[in-house]
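In what follows, a structure is listed as structure tokens, so that the remarks can point back to it.
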2 protein chains.
Amino acid sequence: MRAWLAFMPAATLVGRELDRQLKEDTGLSHLQYEILIHLDEARQGAMRMTELAERLVNSKSGLTYQIGQMEKAGLVTRRQCEWSKSGVLAEITPEGRAMLERAAPGHVDKVREILIDVLTPEERRAIAEGLGRVRDRIIERNDGEACW
Amino acid sequence: MRAWLAFMPAATLVGRELDRQLKEDTGLSHLQYEILIHLDEARQGAMRMTELAERLVNSKSGLTYQIGQMEKAGLVTRRQCEWSKSGVLAEITPEGRAMLERAAPGHVDKVREILIDVLTPEERRAIAEGLGRVRDRIIERNDGEACW
DNA sequence: ACACCACGGTTCAAATTTGAACCGCTGTGA
DNA sequence: TCACAGCGGTTCAAATTTGAACCGTGGTGT
């Protein structure tokens, strides 16, 4: 029960804090940053919309919106998937990569500062294990059903 | 780092799942449920807006909005604070308490099901301790500054 | 009593999120 | 080849969130 009382507030606070730092330093929202990270990691720097949405734990329509914003800002492009006429690839642009390079160091520092460094090694392990399991359980449970 | 990769997604998923269950079973959002809980626990069943906002880790304007909605729904009332002409108390109504009684069992079950029961006792302890510390650190760090 | 600044809440417009409806593809079976 | 169910994305309106500006009070110092 105490775990519960710590978990959600901590998540909210950490999220808010990171959002703030990113927005202040780079103008990016946390979600936009995550989008860039995922695209940057993908081979070709591109990914299907739906897959991206799933990895980000975000709704499809929400992603459409954000990609729209980021396209305006020149950070990503939309491109048709080669082998399927429906199907859209979001691709990171050079500007997007540049932005990421500018944003990443500060962001990573912040994560360390407010989360990682506050935890003992074995707390980190417990969180990685335990919450990882929590996450996977929910994902897998929802997999059969309709998505958001 | 793995802790980080588990933490935020787990929080998002758990939040979404609870929101869904509550909305489906009772029509309440998670935030509204939390509001009722906090008011119900307060003596007199009432609390100052700002204090409530702080406890909920929510913005003041957001709270104003939600209390407005819940007032329309008859779950809470607004009342002037006795000893201060500015200052508003949000108070839970009998309907609000009834709603809470209807909502609580299912909600608590869900929390156990998707979070508590998935964790080992010592993971729970580590999360309570560690994330509790994370939470308190951020709160206290922000205390001096302007709030949201 | 007066000037002022901080506090408690609300308001307002803009940004974002949500969920359902929709539209053009895909591929599967008759 | 012809439905037709289901997927991938987008659109749309409605709900919510955000952050800054604002308004009346409270307390402080003079």
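Please read all numbers here as calculations on a predicted model, not as lab measurements.
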Spacing of B/Gln80 atom CD relative to D/dG26 atom C1', expressed in whole Å:
14 Å
Pairing donors with acceptors under 3.5 angstrom, does anything connect the side chains of B/Gln44 and B/Glu91?
no
Identify the two heavy atoms, one from B/Ile127 and one from B/Leu119, that lie closest to each other, and give their separation to 0.1 Å.
CD1-CD1, 3.7 Å
Quick check for you: to the nearest 0.5 Å, what is the distance between B/Arg55 atom CZ and B/Ile35 atom CD1?
14.0 Å
Could you give the CH2-to-P distance, from B/Trp83 to C/dC7, as a whole number of Å?
14 Å
Using a strict 4.0 Å threshold on nitrogen-to-oxygen distance, state whether B/Arg125 and B/Glu122 make a salt bridge.
no
Taking protein heavy atoms under 4.0 Å as touching, what does nucleotides 10-16 of chain C look like 5' to 3' if B marks base contact, S marks sugar-phosphate-only contact and - marks none?
BB---SB
Would you say A/Thr50 reaches D/dG9's phosphate, i.e. side-chain N/O to OP1/OP2 under 4.0 Å?
yes
Across the strands shown, which category fits B/Gly87 at heavy-atom distances under 4.0 angstrom: base, sugar-phosphate, nothing?
sugar-phosphate
Just the rounded figure in Å: distance from P of D/dG26 to CZ of B/Arg48.
10 Å
Could you state whether B/Leu5 and A/Leu36 fall into the same hydrophobic cluster, counting links through intermediate Ile, Leu, Val, Met, Phe, Trp or Tyr residues with side-chain heavy atoms under 4.5 angstrom apart?
no
A/His30 NE2 to C/dT17 P, straight-line distance once rounded to whole Å:
12 Å
Spacing between B/Asp19 atom CG and C/dG19 atom C1', to the nearest angstrom:
13 Å
Check the orientation of B/Tyr33 and B/His30. Use parallel for under 30°, tilted for 30 to 60°, and perpendicular for over 60°.
parallel
B/Leu89 CG to C/dG8 C1', straight-line distance once rounded to whole Å
12 Å
What's the CG-C1' distance between A/Leu56 and C/dT18, to the nearest Å?
17 Å
Please report the distance, rounded to the nearest Å, between CD in B/Glu54 and P in C/dG9.
10 Å
